[in-house]
Structure formats: C-alpha cells, structure tokens
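Quick note: numbers below take in every heavy atom, side chains included, and nothing from hydrogens, waters or symmetry partners. Labels below follow one simple rule: chain letters A, B, ... track the order of the sequence lines, proteins then strands, and each chain is numbered from 1.
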Number of protein chains: 2
Amino acid sequence: MERLPKRQRHQQLSKLLDENPFLTDRELTRQLKVSIQTIRLDRLELAIPELRERLKLMAERSYDSVRSLPLHEVIGDILDLQLDKSGISLFEISAEHVFSRSGIARGHHVFAQANSLAVAVINDEIALTASADIRFIRPARLGEKCIAKAYVRASGEQKGKAKVEVFTYVGEEMVFQGNFIIYRSAGESKT
Amino acid sequence: MERLPKRQRHQQLSKLLDENPFLTDRELTRQLKVSIQTIRLDRLELAIPELRERLKLMAERSYDSVRSLPLHEVIGDILDLQLDKSGISLFEISAEHVFSRSGIARGHHVFAQANSLAVAVINDEIALTASADIRFIRPARLGEKCIAKAYVRASGEQKGKAKVEVFTYVGEEMVFQGNFIIYRSAGESKT
DNA sequence: TAACCTTTAATACCAGGTGCCAATAATGGT
DNA sequence: ACCATTATTGGCACCTGGTATTAAAGGTTA
C-alpha cells in the first residue's frame, strides 16, 4: 500500500459522482477497479448516500425549489443578499463563456450575471426586467472572477417598478455598469 | 360496484401523485382504501411509473437544467445574415429559460439572443458589445418563438464603433427592443 | 347460466442497496 | 522476523419498492 491510493480513490470517487450522480456502485467498480465492497466502505467514509437516496435528494431539491427563492436560477453564486437593498454575486469566466479567438467573454454572460442579480435582489413574488441601460467598460477575460454588486436605488413598492444599479468588477477594475428598471408584482411579500 | 369508483379513483390517484410524487404504492393504499394490487393496476392503466422512476426523472430534469444554464455560444439560430446590414435569428423559449413559477423567460436569455445577433451581424474579426440600451416590452413565455431582427445603423468602419438596432418579435408582437453599440477591431475584413 | 370486469391474493423475481462477519492482503513499527 | 494495524475482498441474510404472472373471489350483465 502506498498510503495514498485510498485517498486518491476517495477524491476520484467524489469527482466521479459529482460529474455524474447517477452512477451505481457496480458502475463505480468498473471505473475505479476495486471491489464493490470497497466502494461501499468508501461511500460510508465519505458519507455519500446510495444512488436512490441521491436521486431522491435531487428530486426533493428540485421539487421544493419551485416554491423557494429563485437563487439557483441566478447566473453566478450569490455571496450576499439583502432584499430590497443590495446584493453581491460571483461569476467566474470559463471557456464556454468566451470567444475562442480572443478569450474575451461574450457580453450576454456578463449581462446575465448582472440581470439575474438585479432580479434576485428584489423582494417580490414576480420580478421582471423592464428595461436596462448598460455599458461594457472593459472586456472580461477567461478565468477572471467577476464580482457584481447591485444596489436598489428606488424600490418602488407602490409604483410597481424598482430601479437597480449594478456594477461588476474584476479586482479593482470595473468591467460593467448597468441601470435596470425591474417590474415587481406588488408590494413586498413572502417570508 | 358502482361502475364509477374506478375512474374516480384514477382521478384521485393522479391528483395525489401530482400533489406529492413521493408517495409509495403502500401509502396510496391507505389513502384510497384499496389493495396494493389495485393501485398497481391503476398505475399501469394510467402509465404512471413507479416511485423510483418518478424520482429519477425528476432528478434528471433538474440535473440537466442546471447543466444547460450556462448560455452557449450563439443564442438562437441564424436565419438570415447580411454582414454589416441586417440579420435575423430564431430562438424558442424552452423550460430551462423561464422562471418555473411564472413561465416567463428570464430577461438575459432574450437579451442574449439580441446581443449575439448584434455581434454576429458585424463583419469583423473581433466585435464586442460596448453598451446597450434595451427595453423588454412584454414578457416572452414558455414555448414562444422569438424572432430577432438586427439592423446596422452606422457601421463605422473608421470610427471603430458600430450601431446596431435589434427588435425581437413573437408573431406580430414586439417583445424586446435594443440599441447596441458594438466595438469593432478595425475596418471590415474576412470573407 | 355463462361471460365479463374488478378487485384481491399469492408467488417468484429484480435492482440496488445495508449490515455484519470473516478471510486475506499490504504496510508499518520495532 | 514478527506483530499490529489498516485496507480490501468475499459471502450471506435482509430490506424496499417495486414487476410479472397466475389464480381466485365477488358482483354485473346479457
């Protein structure tokens, strides 16, 4: 034993199941070349539930996410969210977001991050983008982490419209700026 | 037997599983007061798969909707393209593009179609969105086919900037309108 | 009465596991 | 060289939530 193989295998196993959670133990034995018992011990140690439990968990998540916050409908990861006030999200530019020749992000991805943050920050059942005025200040490039900050300037609970300003930065540099007008269904509600 | 109970039961069964797809046959027998065999015959007739299959289907749906979230290269199919003049693209709103509650398309997908068309219509090596002024005129809904039409208003081969106007329609109705300023690398090039 | 439909029952079988125990490796420490 | 520990494998019983099939009991109806 090289003291390592087990941990390496654990990492591989986690990675495999991360990429494809639909694998049975039997299929894992083929990929990792160990017995099915070992796979099961590994899952035990790593606290990875059996296939059926995994599927059930996924089904449950998707089922009650229908009635929960639209957080995972957001492009980028929400780092901070103060409803009707401000929000921050992180979005890393990866290969599928850029023009292959130049390595520069396509504008609509940067926009998507800002737009979905602007919608998420509005504390309302239904929030839709009505219009926007946007500027791409400098290109965002492959591998860069974009931090978008959204500020609600006029929440307009009565008027049915809210104004949200979004600034996206890579490090210290601003790459994008946008003013969004968001339709909101009514006054605040929910939770 | 009252000749009806069966159909009534079928309706009830469908309704129960619609409200809570996580019910086992055994739990259904309690609610419907018939034997488990009857439940299974009912599911057969109604073509309702077993619990595990239902969970798997839900898991799969939620799984590849997560995977398809990242927007791809060009959004929509280019139907017509006259470089430096005009272009038309078609984009059909499908389940992964809408808010699940309302069935309304997220703004950034509609934007993405317009933006990628505006970039595609510019006849240059490198074309990037510099800024845009956009309006979402009415929401686009699940299943609707969006036709975006882009017109180059000022190609600005010297100035390094081009102005492109995009209108998106569903049938006769306009759903989106945008004015894009696109950076272009130099004069025209390419074929 | 026979023919039929609906419901229930009984049995064999399956996938994808858990839980447990025992038998081997393989590895280190001394 | 020996022992203890850890890692891996095997085997078996059992569980859940089913499928598939065959059979039987009950009411309905022509």
Side-chain angles (χ1 to χ4, degrees), chain A residues 1-68 72, chain B residues 1-68 95-96 100:
Chain A
M1 210 150 310
E2 298 134 32
R3 199 66 189 169
L4 287 169
K6 189 173 176 183
R7 286 187 188 160
Q8 281 182 349
R9 195 182 58 236
H10 281 187
Q11 287 195 323
Q12 261 202 298
L13 195 151
S14 306
K15 192 181 152 199
L16 281 171
L17 286 181
D18 207 53
E19 285 165 2
N20 181 5
F22 299 86
L23 294 171
T24 64
D25 289 356
R26 208 159 239 90
E27 282 163 332
L28 287 167
T29 63
R30 282 180 219 134
Q31 311 229 9
L32 297 178
K33 311 282 185 194
V34 288
S35 74
I36 202 161
Q37 288 83 352
T38 304
I39 297 289
R40 285 166 182 170
L41 287 173
D42 287 354
R43 275 199 300 100
L44 248 180
E45 288 189 64
L46 296 170
I48 297 173
E50 63 171 291
L51 170 65
R52 286 157 176 171
E53 282 305 308
R54 296 197 300 270
L55 297 185
K56 193 178 174 188
L57 283 171
M58 293 172 71
E60 277 167 352
R61 272 210 314 274
S62 82
Y63 190 69
D64 50 42
S65 77
V66 170
R67 47 185 68 212
S68 79
H72 81 288
Chain B
M1 213 144 307
E2 298 135 32
R3 197 68 186 167
L4 286 169
K6 189 173 175 182
R7 285 186 189 162
Q8 282 182 348
R9 196 182 56 237
H10 281 189
Q11 286 195 322
Q12 262 202 298
L13 195 152
S14 305
K15 191 182 153 198
L16 281 170
L17 286 181
D18 206 52
E19 284 166 2
N20 181 3
F22 298 86
L23 294 172
T24 64
D25 288 356
R26 206 158 243 95
E27 282 164 331
L28 288 166
T29 64
R30 282 180 220 135
Q31 311 228 9
L32 297 177
K33 311 282 186 193
V34 287
S35 75
I36 201 160
Q37 288 82 354
T38 304
I39 297 290
R40 286 169 179 169
L41 284 173
D42 287 354
R43 274 200 300 101
L44 249 180
E45 288 189 64
L46 295 171
I48 296 172
E50 62 171 289
L51 171 65
R52 286 157 176 171
E53 282 304 309
R54 295 197 300 269
L55 296 184
K56 193 176 172 188
L57 282 171
M58 294 171 70
E60 277 169 351
R61 273 209 312 273
S62 81
Y63 189 69
D64 45 49
S65 83
V66 166
R67 306 228 111 182
S68 68
E96 67 265 32
S100 42

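If you take CG of B:L55 and P of D:dG17, they are 10 Å apart, rounded to a whole angstrom. Atoms CG (A:L44) and C1' (D:dA7) sit 14 Å apart, rounded to a whole Å. Rounded to an integer number of Å, the gap from B:R54 CZ to D:dG17 P is 11 Å. Rounded to whole Å, the distance from CG on B:L51 to P on D:dG18 is 5 Å. The separation between B:L57 atom CG and D:dG18 atom P is 14 Å, rounded to whole Å. Counting to the nearest Å, the P atom of D:dG18 and the CG atom of B:L23 are 10 Å from each other. Rounded to an integer number of Å, the gap from A:I39 CD1 to C:dG16 P is 15 Å. In this structure, the CG atom of B:L28 is 12 Å from the P atom of D:dG17, given to the nearest Å.
Distances were taken from every side-chain heavy atom of A:D25 (C-beta onward) to each of D:dT9, C:dT18, C:dT6; the shortest belongs to C:dT18. With distances taken from any side-chain atom of A:L41 to the nucleotides D:dT8, D:dG18, C:dT7, the minimum falls on D:dT8. For B:Q37, the side-chain atoms get nearest to C:dA9 when compared with the rest of D:dT8, D:dG18, C:dA9. When distances run from any side-chain atom of B:K6 to the nucleotides D:dT8, C:dT6, C:dG17, the shortest one goes to C:dT6.
Nucleic acid contact class of A:R43 (heavy atoms, under 4.0 Å, all strands): sugar-phosphate only. Residue contacts for B:I36: at a heavy-atom cut-off of 4.0 Å it reaches no nucleic acid atom on any strand shown. Looking at heavy-atom distances under 4.0 Å, A:R26 makes no contact with the nucleic acid at all.
Separating the NZ atom in A:K56 from the CZ atom in A:R52 is a distance of 12.0 Å, to the nearest 0.5 Å. The NZ atom of A:K33 sits 14.0 Å away from the CZ atom of A:R9 when rounded to the nearest 0.5 Å. In this structure, the separation between CG on A:L55 and CD on B:E53 is 9.5 Å, given to the nearest 0.5 Å. With values rounded to the nearest 0.5 angstrom, A:Q37 atom CD is found 8.0 Å from A:L41 atom CG.
One finds a side-chain N or O of A:S35 lying less than 4.0 angstrom from the OP1 or OP2 phosphate oxygen of D:dT9. At the phosphate of C:dT7, neither OP1 nor OP2 sits under 4.0 Å from any side-chain N or O atom of B:R40.
Positionally, the nearest nucleotide of DNA chain C for B:E45 lies more toward the 5' end than for the other of B:E45 and A:E50.
For the pair B:Q31/B:L13, no side-chain contact is recorded, criterion being any heavy-atom separation below 4.5 Å from C-beta on. By the 4.5 Å heavy-atom criterion applied to side chains, B:L51 and B:R54 are counted as neighbours.
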Could you pull out every donor-acceptor pair under 3.5 Å between side chains of residues 21-29 of chain B and any protein atom, sequence neighbours left out?
residue	atom	partner	partner atom	Å
B:T24	OG1	B:R26	N	3.4
B:T24	OG1	B:E27	N	3.2
B:T24	OG1	B:E27	OE1	3.4
B:D25	OD1	B:R43	NE	3.0
B:D25	OD2	B:R40	NE	2.9
B:D25	OD2	B:R43	NH2	2.8
B:E27	OE1	B:T24	N	3.0
B:T29	OG1	B:R26	O	2.5

Could you write out each protein N or O paired with an N or O of nucleotides 12-15 of chain C at a distance under 3.5 Å?
residue	atom	partner	partner atom	Å
C:dA15	N3	A:R52	NH2	2.8

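Applying the side-chain contact (heavy atoms from CB on, under 4.5 Å) criterion to A:E45, with sequence neighbours excluded, gives A:K6, A:H10, A:D42.
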